[in-house]
There are 2 protein chains.
Amino acid sequence: MGRKRLQEPDGRPTVHTVAARAGVSIASASRVLNGVGGSPETVRKVRAAAAEVGYVPNAIARSLQSQRTELVALAVEDIGNPVYVAMMRAIEAVVAESGRQLLVHATGGRIDNETALLRRLAHRYVDGMIISPIRVTAEHLTALADSPVPVVVIGQLAEDAPMDNVRTDSRLGIALAVDHLVATGRRRIGFVNGPLDTVPGAARDAGFRAALARHGIPLDENLVEVGDFQYAAGREATERLLARAEPDALVCANDLIAVGALHTLLALGRRVPTDVALVGMDDTELARMMFPQLSSVSLGSAERGRKAAELLLQRIDDPALPPRRAQVAPSLVVRASSGTPVPAQPIREEVTS
Amino acid sequence: MGRKRLQEPDGRPTVHTVAARAGVSIASASRVLNGVGGSPETVRKVRAAAAEVGYVPNAIARSLQSQRTELVALAVEDIGNPVYVAMMRAIEAVVAESGRQLLVHATGGRIDNETALLRRLAHRYVDGMIISPIRVTAEHLTALADSPVPVVVIGQLAEDAPMDNVRTDSRLGIALAVDHLVATGRRRIGFVNGPLDTVPGAARDAGFRAALARHGIPLDENLVEVGDFQYAAGREATERLLARAEPDALVCANDLIAVGALHTLLALGRRVPTDVALVGMDDTELARMMFPQLSSVSLGSAERGRKAAELLLQRIDDPALPPRRAQVAPSLVVRASSGTPVPAQPIREEVTS
DNA sequence: CCGGTAGCTGTAAACGTTTCCGGGAGTCTG
DNA sequence: CAGACTCCCGGAAACGTTTACAGCTACCGG
């Protein structure tokens with residue numbers, strides 16, 4: 001049962017209602033309600049009137065006047081991927097702390113969705129956006145350049161793109177994983193990647209090949225599989241890979257893939273890490289949930305989210321700022337899935353000279 | 001006729017810009033841009049002018065006039081819980097299909113957060129809200145009743161609460177799990193629950209006790225543990241439980257808890273389902289990711305989200321609608337973690353009359 | 001005693017849309 | 001051919017704020 005409204009049989013109270021009830025002008029009412037100016041007597045009357053009618057300022061009208069929405073958008077591929085959950089949490093913390101709210105879009109990685117979203121920014125329903133595209137096309141770049149509100153991109157961008165950008169080095173991240181596996185005696189190292197036409201997919205592929213080469217390990221293409229960045233794809237890709245090769249370690253391009261790989265490995269009777277060591281990427285909470293717990297390369301998703309949010313808020317406050325870039329270094333978190341139990345041969349550094 | 005601002009040196013083009021450029025009034029320009037009315041000639045001129053200056057209508061001004069935001073909010077406890085991800089995806093689909101966007105809030109299950117959120121609705125920054133509180137207090141109810149915009153609640157509410165409501169029967173859901181375990185020969189059935197002062201926690205507790213009683217199985221309190229609804233709590237609660245009892249099956253109040261329980265079981269050398277059968281709840285994608293895959297009681301999270309979104313959109317369109325309620329029936333999804341390998345005794349139906 | 005100043009106040013003009021309303025022109029009907 | 005009817009158009013009024021500006025009072029110093 002709603003308690004009855006004291007005023008305004010049809011609509012909700014506005015500043016006019018309050019002003020009339022307090023016997024002052026709307027200007028005075030507005031000033032008092034915003035805490036700027038007003039004589040003690042006016043303040044008292046307006047406050048009382050506002051409380052009596054239960055006045056709450058209308059956010060839209062305020063936005064129209066202030067040209068600010070106090071909303072910030074985040075566009076990611078897949079809100080089900082825990083890496084984006086971590087990012088989202090970090091961003092939300094920063095954004096909320098500034099009194100704003102976060103609007104989340106799931107793009108499904110579809111380019112048309114992403115560019116449509118960027119174009120919609122022209123409607124100015126939001127003060128800024130953080131976007132983490134897995135593919136970057138020319139359309140993206142023009143849409144980004146045309147945007148009337150600030151946009152921060154999480155992910156690799158052309159070197160000279162004059163926009164705020166937060167990045168990591170997933171190529172180096174893959175190298176960390178490979179180095180670790182080599183150091184623990186693995187030599188037949190497989191790789192389950194996401195699509196090669198995505199920015200992270202391409203970077204991780206390059207990183208894998210470079211790392212193997214650096215260790216002088218010839219690449220066996222049978223040990224490389226590609227799916228998308230989802231769990232099911234990881235599972236199936238690993239099935240295909242195991243059908244034609246027998247790796248002693250698997251590097252996966254993200255944790256969802258790694259979880260799928262783990263499932264296939266266990267289902268096919270491989271022991272992890274005894275038979276096959278497993279390393280994922282993104283270091284999501286999922287990695288800690290598995291049994292055995294998954295080693296994973298952290299790309300600092302929370303940190304990247306936090307930095308992106310800070311860059312965005314600063315730019316909103318001062319659009320004249322020069323474009324800035326933040327970088328987060330990858331790091332390897334070793335857990336049971338690639339633990340050190342299997343130095344089948346004495347560990348030796350391949351290249352020591 | 002003093003044309004005020006034909007050019008826009010600093011700002012973006014408005015309908016005034018377009019109207020001036022096309023040589024018509026802003027009324028005509030607006031009509032053409034909205035596709036209502038206008039002579040062919042006017043339409044041509046306005047369209048051309050709009051294209052030339054790259055006009056995009058301002059969402060805020062439009063909202064002020066229309067009293068609509070085209071935004072819908074969703075408030076859930078934890079965006080990391082895959083059950084809410086599923087719900088969110090379903091809601092997002094319905095909401096997007098109606099041309100609106102979804103604003104997601106994470107409440108952390110904190111009552112003050114939730115009521116603050118509900119009160120903020122008075123600012124009307126959003127056309128409506130879907131909220132899924134795990135506790136329901138008197139504050140919630142007054143805040144809900146006072147809300148100037150429609151709110152749909154997912155979860156149990158007082159029977160006579162006159163508001164749109166989508167619910168399931170998790171009590172019955174637990175019963176399905178227990179029935180299944182009993183039917184496959186388990187008798188020492190443990191239960192890892194969430195907090196008893198939450199609505200789902202209380203319902204699931206009651207359901208568990210009632211189901212055991214119905215089967216004539218005396219309840220051993222050593223087989224019941226409580227944590228919160230998170231993974232870590234499930235892991236720890238299961239450790240405590242196994243330290244003092246030896247169940248042959250575990251029912252968990254949600255999938256996160258079940259995943260934690262699985263981790264502990266495997267870490268302590270129990271075979272699943274041979275030694276201990278495991279059933280989770282919510283049937284999230286997490287359940288399928290585990291090895292062995294988890295049986296889980298589906299509470300139709302996607303379905304509930306979809307229905308809630310539909311109820312909300314309908315109410316936004318017609319606020320005079322009577323309060324409605326939708327119910328989604330639970331169902332058990334049996335997978336490997338509670339497979340049928342152990343009918344120690346012949347299966348029998350307890351009550352057949 | 002008077003001019004200046006500080007502090008309040010109200011009027012009105014923004015912000016950018018949509019829409020009501022009245023008027024004008026053209027077309028159809030009786 | 002007059003009246004009615006249909007379109008189309010532009011002016012102006014909303015929607016609910018904030019704020020620039022000017023006027024008013026009261027007080028102070030000279």
Side-chain angles (χ1 to χ4, degrees), chain A residues 7-8 10-47 49-50 53-70 122-125 127 148-149, chain B residues 1-6 8 10-47 49-50 53-70 122-127 148-149:
Chain A
Q7 239 5 19
E8 304 294 320
D10 44 348
R12 312 262 313 168
T14 75
V15 71
H16 290 89
T17 322
V18 173
R21 192 172 184 102
V24 300
S25 72
I26 60 164
S28 290
S30 172
R31 277 186 290 253
V32 169
L33 294 169
N34 286 9
V36 353
S39 72
E41 174 62 4
T42 307
V43 169
R44 193 192 57 74
K45 286 189 299 188
V46 172
R47 291 245 173 90
V53 300
Y55 169 76
V56 177
N58 181 304
I60 303 168
R62 194 199 290 261
S63 286
L64 180 58
Q65 164 69 26
S66 68
Q67 301 285 64
R68 287 260 178 127
T69 297
E70 311 299 348
H123 291 126
R124 321 199 66 151
Y125 64 103
D127 292 341
V149 303
Chain B
M1 167 153 127
R3 58 186 51 191
K4 315 178 88 169
R5 28 213 209 67
L6 186 51
E8 303 285 331
D10 47 348
R12 315 259 315 168
T14 75
V15 71
H16 290 89
T17 323
V18 174
R21 192 171 183 104
V24 301
S25 72
I26 61 164
S28 290
S30 173
R31 277 187 291 254
V32 169
L33 294 169
N34 286 10
V36 3
S39 72
E41 175 62 4
T42 308
V43 169
R44 192 193 56 74
K45 285 189 299 188
V46 171
R47 291 244 174 89
V53 299
Y55 170 76
V56 177
N58 181 305
I60 303 169
R62 193 197 291 255
S63 287
L64 181 57
Q65 163 69 25
S66 67
Q67 302 283 66
R68 289 260 177 125
T69 297
E70 310 300 347
H123 291 124
R124 322 200 65 151
Y125 65 101
V126 101
D127 292 342
V149 304

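Heavy-atom basis, side chains included; hydrogens, waters and symmetry copies ignored. Chain A is the first sequence line, chain B the second, and so forth, proteins listed ahead of strands; every chain is numbered from 1. Being a predicted model, the structure only gives us computed values, none of them experimental.
Proximity of Arg62(A) to the phosphate of dT18(D): a side-chain N or O atom is located under 4.0 Å from OP1 or OP2. A sub-4.0 Å separation between OP1 or OP2 of dG16(D) and a side-chain N or O of Thr14(A) is absent. For Ser28(A) and dG10(C), the shortest distance from a side-chain N or O to OP1 or OP2 is below 4.0 Å. Between Tyr125(B) and dG16(D) there is no side-chain polar atom (N or O) within less than 4.0 angstrom of OP1 or OP2. Between Asn34(B) and the phosphate of dT18(C), there is a side-chain N or O to OP1/OP2 separation shorter than 4.0 Å. Close to dG16(D), at under 4.0 Å from its OP1 or OP2, lies a side-chain N or O of Gln67(B). Close to dT18(C), at under 4.0 Å from its OP1 or OP2, lies a side-chain N or O of Ser30(B).
Taking the side chain of Leu64(B) as heavy atoms from C-beta on, and the options dC15(D), dG11(D), dT17(C), the nearest nucleotide is dC15(D). Taking every side-chain heavy atom of Gln65(B) into account, dT18(C) is the closest of dT17(D), dT9(C), dT18(C). The side chain of Arg31(A) lies closest to dT9(C) when the candidates are dA14(C), dT9(C), dT17(C).
At least one donor-acceptor pair closer than 3.5 Å links the side chain of Thr17(A) to the backbone N or O of Thr14(A). Judged purely by atom type and a 3.5 angstrom limit, Asp127(B) uses its side chain to pair as donor or acceptor with the backbone of Thr69(B).
For the pair His16(A) NE2 and dA12(C) P, the interatomic distance rounds to 12 Å; values are reported in whole Å. Between Asn58(B) atom CG and dA14(C) atom P the separation is 17 Å, expressed in whole Å. Rounded to whole Å, atom P of dT18(D) lies 15 Å from atom CZ of Arg68(A). For the pair Glu41(B) CD and dG26(C) P, the computed distance is 15 Å after rounding to whole Å. Spacing between atom CZ of Arg12(A) and atom C1' of dG16(D) amounts to 14 Å, rounded to whole angstrom units.
Comparing Ser66(B) and Val43(B) by the nucleotide of DNA chain D that holds the closest heavy atom to each, the one mapping nearer the 5' end is Val43(B). Where Ile26(B) and Pro40(B) meet DNA chain D, the nucleotide closest to each residue was compared, and Pro40(B) sits on the side nearer the 5' end.
Across all strands, Ser39(A) comes closer than 4.0 Å only to sugar-phosphate atoms, never to a base (heavy-atom distances). No engagement by Ile60(B) is indicated, since no non-hydrogen atom pair under 4.0 Å with the nucleic acid exists. Counting any heavy atom pair closer than 4.0 Å across all strands shown, Val56(A) reaches sugar-phosphate atoms only and no base atom.
Ala122(A) and Arg12(B) make their closest contact through CB-NH2, 4.2 Å (heavy atoms, listed as atom of the first residue, atom of the second, distance). Counting all heavy atoms, side chain and backbone alike, Pro13(A) lies closest to Tyr55(A) at O-CD1, 3.6 Å.
Results of the side chain to side chain contact (heavy atoms under 4.5 Å, CB included) test with Val18(A) over Val32(A), Val24(A), Ile26(A), Val46(A) single out Val46(A) as the only residue that passes.
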